[in-house]
Amino acid sequence: MRKACISIGVDRVAGAANLPPLQAAADGAERFAQWATSQGFESFCLTDRGRVLSVADVKSQVRALVTSGAYGQLVIYFAGHGILKSWDTEIWLLTDAANDPNEAVNLVGSVSLGRNSGIPHIVFISDAWRSIASDARLAQVTGSILFPIRPVTPQRPEVDTFYATLPGDPAYEASPAQAAADYSGVFTRCLLQGLQGPDPSVCEVVDEGRGRQWVVSSRTLKPWLEREVPQSLAAVSVALNQVPDLRVESQKPKYLSLLSGPPPSPPPPDFGAPPSPGQPSPAAVLRNAAEGQGVRKYFAPEVEIRSAPLSPETSQAFNDDVSRLLAARGRESFETHTGFTLVGAQVAEALLNGEAGHCDVFPENGAVQIRVRPAAEWGSVVIQFVNGQGTCLTAFSGFVGAVTVEDGRVVNVSYAPARNTPRWNDYQVQQAEVERRRAFAAVAARRGILKIERDQAASFAGFVREFKMMDPTLGIYAAYAYAQAGMIDGVQSVFEWMRNDPQVPVPFDVAMLANRLSPPGQPGTRIAGIMPMLTQGWALLHEGLPVAPWLAQANRYTQPALWTTLSAEGVAFVAQRLHPPKAAMART
């Protein structure tokens, strides 16, 4: 079958005064397109040189390739400005993104629908130097999904995704000026060098129609880039995430570069040179961080987590984040057995399903308590902070949620069974272990280092199965991690475990990821919530899903955070849509 490459490069985002022009994005796209052409790809180079590059230009090209049914491999490369809405939610900015929220590429949504494209091997390459969406207009950018909506098929493509840097918490990203100044296409240079097969470590042999061939594949590029990119970035003054995040699903005989012959032999070792100090592997560093929290023997062996080698300061910051979440415990119970404890912000009002009079808000022990009065087995609670921002979370009957807010952003949500409910005694026995695992997972997710590899899936499944009855968020984290790794069977298994719980309905996020949402008014699985609780989920909504149509507009009001955080306008908008006749939340 044929193979194609779409290479995108955008140096300038029009109207975004705080995003200085880049110097190497369009050039990087052109060089990558040249490589693709040399490898027999049908290459399409789309840059903003002398033109406005629109999302329609990119979508039409992608959809033409998909609908033709003629392609066995598709590579989509991007170089330019990016923003991060949440953990693993990267947006590629095109020319007019500052004026039109759709004039950008929703990467995670494109990866998701790309899995239904019928193209056996898809590779996304993101050389986007991300920055904080400090511009109010850029904060509303949601982006467009490149692939058309098609039925889910049993034959799933293998999708490889290469990020130039770890996609973690937006708070850890660079300022726009710093991002533009430091962007020099280092990742692209290392990538193109690796694709030439410079040494045996990046090469392998595959069998195909022409016999045994030397090639460079995503599998061999992964360790090469993990080694070379940090070394090349050592001279760049960005004290943030500098390690590429490379997710490889493709197996032999799929590859990227076909080499003309064996790679050159490595130079002989210099036995007279002093040994270079060894650096611990990224996984080992994070396991040590886990050990510092007393969770290494429980959590770290079951989930592969990666990051740059941590300095003592960074490691301490990681542990401090975990400690803060452990300290932010919810109330043991309310008279209604349902509610929230909120730490880090003052609350102006809380509405159950958009309606006043069903939640009591009061201070206690340095936190804000929200008692949710008896209702159905779940309800959507809109919580407005005194600064006007807020969130919308699911209240599960018989559970108390603990909500942590930092700088106006919801950074963590967890649930625990309320005292004197059927699950309380079991939770008490395992409370310390559950809370440590949960806090460690939340911080790893915020920093972009929570991963599930296929050979670790069974262990992680056991971890979730053991504790998901104690906290629905464990099922949510698991479902997203499986979806991120392209392990659809894992997502389905989490859905089935949660669906079999007779008391607690399946969270909206899990049902959405499993493609098991029911159309409104039709019988189906008991689903809790009407919108994603993790911000990442908003990027996966599309017009083919049976969800409230107003969610597309609500998405524009989501703020950069791990858990759904809404602007003041978004709080009022969601409350009004939940209960149109009565909801009225004024800014305080």
Side-chain angles (χ1 to χ4, degrees), residues 325-406 408 410-425 427-428 431 434-435 438 469-473 476 503-505 507-508 526 528-531 533 563-566 571-572 574-576 578-579 582-588:
L325 294 187
L326 287 172
R329 293 185 177 181
R331 210 172 189 255
E332 284 193 353
S333 191
F334 294 94
E335 295 84 343
T336 60
H337 290 163
T338 306
F340 295 94
T341 295
L342 190 143
V343 176
Q346 296 300 310
V347 174
E349 191 169 9
L351 305 179
L352 178 62
N353 298 325
E355 187 174 9
H358 298 283
C359 296
D360 303 314
V361 180
F362 57 94
E364 182 183 80
N365 298 328
V368 177
Q369 310 295 335
I370 303 172
R371 179 193 297 113
V372 180
R373 299 180 186 177
E377 58 186 354
W378 69 273
S380 291
V381 178
V382 178
I383 303 172
Q384 184 184 40
F385 310 146
V386 293
N387 68 355
Q389 291 180 291
T391 185
C392 182
L393 300 173
T394 300
F396 291 96
S397 181
F399 285 83
V400 176
V403 184
T404 303
V405 181
E406 295 178 2
V410 181
V411 299
N412 192 55
V413 177
S414 61
Y415 294 88
R419 188 177 63 247
N420 299 326
T421 60
R423 301 170 198 256
W424 168 254
N425 288 335
Y427 182 73
Q428 285 295 288
Q431 180 177 1
V434 172
E435 290 180 352
R438 185 173 57 200
M469 304 289 282
M470 305 298 175
D471 184 353
T473 66
I476 293 174
Q503 276 92 34
V504 182
F508 178 97
R526 295 155 43 246
I530 63 168
M531 64 178 65
M533 283 204 291
W563 291 83
T564 291
T565 304
L566 301 167
V571 171
V574 170
Q576 197 277 332
L578 287 173
H579 196 72
K582 299 180 181 179
M585 296 186 70
R587 292 188 63 176
T588 301

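Keep in mind that this is a model prediction, so the values were computed, not measured.
Side-chain contact between Y415 and T394 is present, with at least one heavy-atom pair separated by less than 4.5 Å. A 4.5 Å side-chain heavy-atom check between D360 and R373 finds at least one atom pair inside the cut-off. In this structure, the side chains of I530 and L578 come closer than 4.5 Å at one or more pairs of heavy atoms. Contact check for F340 versus C359: no side-chain heavy atoms found under the 4.5 Å cut-off. When side chains are defined from C-beta on, P472 counts as touching F399, because their heavy atoms get closer than 4.5 Å. S380 has its side chain within reach of N353: a pair of non-hydrogen atoms, C-beta onward, lies under 4.5 Å apart.
One N or O on the side chain of T565 and one on the backbone of W563 form a donor-acceptor pair closer than 3.5 Å. No donor-acceptor pair closer than 3.5 Å links the side chain of S397 to the backbone N or O of W378. In this structure, T391 contributes its side chain and T564 its backbone to a donor-acceptor pair below 3.5 Å. In this structure, T336 contributes its side chain and V372 its backbone to a donor-acceptor pair below 3.5 Å.
Residue E406 holds its CD atom at 7.0 Å from CG of L325, rounded to the nearest 0.5 Å. Going from atom CG of L351 over to atom NE2 of H579 covers 9.5 Å, rounded to the nearest 0.5 Å. In this structure, the separation between OG1 on T473 and CZ on F396 is 9.0 Å, given to the nearest 0.5 Å. Taken from CE in M470 to OH in Y427, the straight-line distance is 9.0 Å, to the nearest 0.5 Å. From I476, atom CD1 reaches atom CG of D471 across 8.0 Å, with rounding to the nearest 0.5 Å. Separation of atoms CD1 (I383) and CG (L393) is listed at 5.0 Å; rounding is to 0.5 Å.
Heavy atoms only, all atoms of each residue included: T338 and A395 are closest at CG2-CB, 4.1 Å. Of all non-hydrogen atoms in R329 and A402, the two that sit nearest each other are C-CB, 4.2 Å. Contact between V361 and A350 at its shortest, heavy atoms only, is CG2-CB, 3.9 Å. Between F385 and L342, the shortest heavy-atom contact is CE2-CD1, 3.7 Å.
Other residues, nucleotides and ligands place no more than 12 heavy atoms under 6.0 Å from the CD atom of Q346.
In summary, the side chains of Q389 and N387 do present a donor paired with an acceptor at a separation below 3.5 Å, with no hydrogens or angles considered.
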